[in-house]
Amino acid sequence: MPANGALNGAATDRLMLFDLSAMLVLFLLAHLLLAVALTVKHRRPSPAGAKHAWSKIWLVEALPLLTISALFVWMTVAAERLWAAQRFVGPAPGALQVEVVGVQFQWYFRYPGPDAEFGRTRPQLVNAAAGNPLGLDSSDTHAADDVVSSVLMLPADREVDLTLRALDVIHGLFIPGMRVKQNAVPGLVLHVHFTPQTPGTYPILCTQVCGSGHARMQAVLRVVSPAAYDAWLQSREQRLRLKEVRQ
Ligand SMILES: [Cu+2]
């Protein structure tokens, strides 16, 4: 994994390190057991030793089995808790709202603009060649100020709530540097939230084999200072207004 740049990433990294270490220890122990079993000569149990058999089974089989089961249950619960913290537990009320749309073979990021509300979209209006890849409905006043970008620009240290949609098939949004992974499914509106911390450029990938162009379905996340983010959004808004004036 690349260096972590998000608030939630440290806990994920700690759990992954623990899980991998536990797997390594269990792997080595299993092979040690196998080697011992192969080298020790089999002996016929004496009638006198039969009464010890149950305590031996408990010690050699049941106890390790219960311990490993408890470890696996703990690992599952710990992972589910991290997963749920970014999905089932809602974002902070002031979280930045960004919509992510996956379409063969491109990611689009939509910002609601000054009115803080995403405008209406209609599938019939989707036309990437005409500059409307998401099918924004210009008759809706909320849609007029929506900024659509192919780069995900985010301010550092502010929580972002991503709303994921897909226009055709299932796509998988993966930002390794933020330890964020979430599918975008046609017909579903899914949420995932996180807080980027370290400014920088982070690759965004698609993790679902979504067609012939799947491998090039990549984008970038730019984490910048809040001032740089505001300047970027304002310049995009200005570009929208100029376009409107020309039309
Ligand atoms: Cu894809």
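Note: hydrogens, waters and symmetry copies are ignored here, and every other heavy atom, side chains too, is used. Computed from a predicted model, the values in this text were never measured in an experiment. Both ligands and their constituent atoms are indexed starting at 1 by order of listing. We count residues from 1, following the sequence as given.
Restricting His171 to its N/O/S atoms, the shortest distance to the Cu ion (ligand 1) is reached by ND1.
Metal site remark for the Cu ion (ligand 1): Met217 contributes an N, O or S atom at a distance under 2.8 Å. The Cu ion (ligand 1) has an N, O or S atom of Cys206 under 2.8 Å away, backbone or side chain.
Side-chain contact between Arg14 and Thr12 is absent, with no heavy atoms from C-beta onward closer than 4.5 Å. Using a 4.5 Å heavy-atom cutoff, the side chains of Met75 and Leu71 are in contact. The shortest side-chain heavy-atom distance between Arg236 and Met153 does not fall under the 4.5 Å cut-off.
Paired with Asp146 under the rule side chain to side chain contact (heavy atoms under 4.5 Å, CB included), one option of Arg110, Glu117, Arg120 passes, and it is Arg110.
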